[in-house]
Amino acid sequence: MTRLAICVVSLLFFAPCMPLLLPRATKPGKLILVRHGQSIWNANKTFTGWCDPDLSQQGMLEAEHAGRLLLEKGYQIDLVYTSRLKRSIRSAWEIMSELNRQHLPVYKSWRLNERHYGRFQRESKVEMARRLGVEEVQKFRGGLHHRPPPLPPSENDLLRDRKYADLSAQQIPSTESLHDCMVRTRPLWEDRIKADLSRGKNVLVVAHGNSLRGLVKMIDNIPDEYIRDVAIPTGIPIVYKFNGRMVAVEDEDEEGNEGLNMTGVFEGIVERKVKGQFLEKPGLLREAFLREQQWQSQVPGWESIPKKSISTISKMEQSLLTLQKEKKSFKGSFEEFVVAGGPLASDGADGAATAASIVPIPNGTVTNNYYGGGRVNNYRRPSDEPECVKNVVPFSGKLKANIRKDSVVVIIRHGKTSHNQLGLFTGWEDAPLADEGREEAKRAGELLRIHGFEFDVVYTSWLSRAIETAWLVLDELDELWLPIIKTWRLNERMYGSLTGLSKRMVAQQHGEEQFKRWRRGFRDRPPRVSSFSPLYPGNDVRYNKEAMSDVRYSFWETIIRSVEGGRFLRHRKLPKTESLSDCMKRTIPFLVNRVIPEGINKGQRVLISSSENAIRGLLMHLCDIPEDRICDVEIPNGLPLIYDVNSRCIKLLDDGSGRDLTKAYNFGSAVDLLFRPCLGEDGEEEEECDLVYEWPSIKIPIPGGEEMAFERELNGVGLE
């Protein structure tokens, strides 16, 4: 039966019940609130505010556990909001990783930042209570309108922090009351989050105790005098559901998910008004951590909760198994929930407070975290000055401090996956990074940091291997707050029915000549997959959403999905196989229509993390490589390729090894087309062998207000 005949029969079949096939009314989505995991400063009872410490080890586990709870209950997230502080961003990353949803859009808003504690920031809560008195400190902590002493402009580093460069000086606080923090969250709720929910999107918000308090106050209409009694525990999802008028409701869980209503946690009017639902009793996870520590100290080799590792089981099976292990360690009664206002109540713990304190960091002192924990010392200076190598930015062996301000495009192929190591066709299959691939991405980030690179925007695909590579690079650069734009157009080439197969096996079964045509032919497509194949992207939930609005609908696939689902289901036209030419037809337009006008033409510094064939398309356009030669270009994993916008050429970064990197790495037989001489302003080839940048020594502030020039040579192992 021909396709036309099938379509006619399908239309006749559906004609009597067309009213049932009309799109259903949109039901509001669910709002999931998660307070970030415990930070290093939370653990030490330090006023944190807009300071940017990272998660502690316990905080990482709390965030992972929150992701597993959402996975167990079956919640599907559509988009994510975080603050611009790394403890919030990293918590969201861990949650998305557990859900295997790293491709989701993440909006990082300063409006979700923690309350600014003014001069109290960086100070020990215990020490401040001793110096000023518990009552005075609690007035600032618990009072709705009380502000701590403000920071003067000369001491307010936020005014000079590039992560807030888009804000006016008036928008950057020097101190805030709890009310001030709640007021700044309102526009984000009214204009963005609430609108997303009304369109049926399930929204995850990972933020801070006080900014989440503001959301709870708006959602539940809690009076001012009672909001101070609401505290949000770390790492436990709180779920809100809404009716058609976007009013929070306490309805039965139609999905069969068990939860703990917030009723009973708070007292008085707060108990009656809060409609959110915990996915777990607050305090249980912290109690499990404490019991774990006790057993580890008493029983050598004890490990009741398995640590993350690469596993042959699926991601869902691995996460649920870990959650099951964690729950087995939950014993004891419902730990008393700590409400805001206790003299030693932590900003980060979900259980009882400790009396630990922290010594405030002196002004002007450089911490290890600022310089990446001293990891730069892993680089070495060659004993002899390396020969000047064409297309290689020289590495002098000294720590570089000047930041490159010119527009630049850095392209990185993701680190190796297990598929790469085993010689399998990967394509759109979402193979995760192998341990080796993660190290490659980290080294790329370290090398970029040493050479003074910063970025303004990041583009990557929807494949987790490219997303994680970008994430690890940004982590090394301490730029997790940057916007990351994820698009399917930067996905690897779709290899059809070859996906997941051994390249050697394909060559043996189909012959070396056919294998080469499928793999390297510019217009040759591998065999297609069917509409019902698990390899077809249309059967992957991430490609079923409206996020692919730039792809036209498929009449044929719409008919198939509607028949299968028993109701009208529109379906996009997704690739069932692709040639290299097909892949470039989606990557080059994205470069031309998005990256160049929105990034390069505006003088931005752009990072692109993608896969080999997508990168071939980008280089084909940027370097004018002819289509009959582009298949000869090889892209090494985890190696930054620097496209200098002004000189219009590709460069590499000297790693301090003294090697000719154009020969040390395999760039294929078209290396001459990739590393062409740079062009000057007059369009003529330049004779200089390297990019010219100033390399002043770092000036490190030391106690006493003086500066010390960092001139010492670096010892250790290079990036080989």
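Both backbone and side-chain heavy atoms feed into the values below; hydrogens, waters and symmetry mates do not.
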### Query
Is any NZ, NE, NH1 or NH2 atom of the basic residue among Glu492 and Arg465 found under 4.0 Å from an Asp or Glu carboxylate oxygen of the other?
no
### Query
Could Glu94 and Arg90 be called an ion pair, given the rule that one side-chain N must be under 4.0 Å from one carboxylate O?
no
### Lys163 atom NZ: more than 12 heavy-atom contacts under 6.0 Å
yes
### Separation of Ser531 OG from Asn539 CG (nearest 0.5 Å)
8.0 Å
### Task
State whether Glu98 and Arg68 are salt-bridged, where the test is any N-O pair (Lys NZ or Arg NE/NH1/NH2 against Asp/Glu carboxylate O) under 4.0 Å.
yes
### Message
Looking at Asp456 and Arg162, is any side-chain nitrogen of the basic one under 4.0 Å from a carboxylate oxygen of the acidic one?
### Response
yes
### Query
Quick one: is the NZ or CZ of Arg192 closer than 6.0 Å to the six-membered ring centre of Tyr107, and within 45° of its axis?
yes
### Task
State plainly whether the residues Asp475 and Lys86 are in salt-bridge range, i.e. N to O under 4.0 Å.
no
### Message
Counting C-beta onward and ignoring hydrogens, is there a side-chain heavy-atom pair between Tyr459 and Leu591 closer than 4.5 Å?
### Response
no
### Message
Looking only at the side chains, is there a donor atom on one of Ser56 and Gln38 sitting less than 3.5 Å from an acceptor on the other?
### Response
yes
### Query
Can Lys576 and Glu557 be counted as an ion pair, charged N to O under 4.0 angstrom?
yes
### Query
Mind checking whether Ile32 and Asn202 have side chains closer than 4.5 Å, heavy atoms only?
no
### Query
Using a distance-only test with no angle check, is there a side-chain donor-acceptor pair under 3.5 angstrom linking Trp110 and Asp166?
no
### Message
Less than 4.5 Å apart, side chain to side chain, heavy atoms only: is that true for Arg572 and Trp488?
### Response
no
### Task
Indicate the atoms forming the closest heavy-atom contact of Pro187 with Arg184, along with that distance.
CD-O, 3.4 Å
### Task
May I ask you to say whether Asp191 pairs ionically with Arg111, meaning some side-chain N is under 4.0 Å from a carboxylate O?
no
### Query
Going by heavy atoms in the side chains, are Arg489 and Asp550 under 4.5 Å from each other?
yes
### Message
Quick one about Asp430 and Ser464 (side-chain donor to acceptor, distance below 3.5 Å, no hydrogens or angles considered), yes or no?
### Response
yes
### Query
Between Arg87 and Glu114, is there a salt bridge with N-O shorter than 4.0 Å?
no
### Task
Return the set of residues passing ring pair (Phe, Tyr, Trp, His ring centres under 6.0 Å) with Tyr164 (not counting sequence neighbours), or none when no residue passes.
Trp50
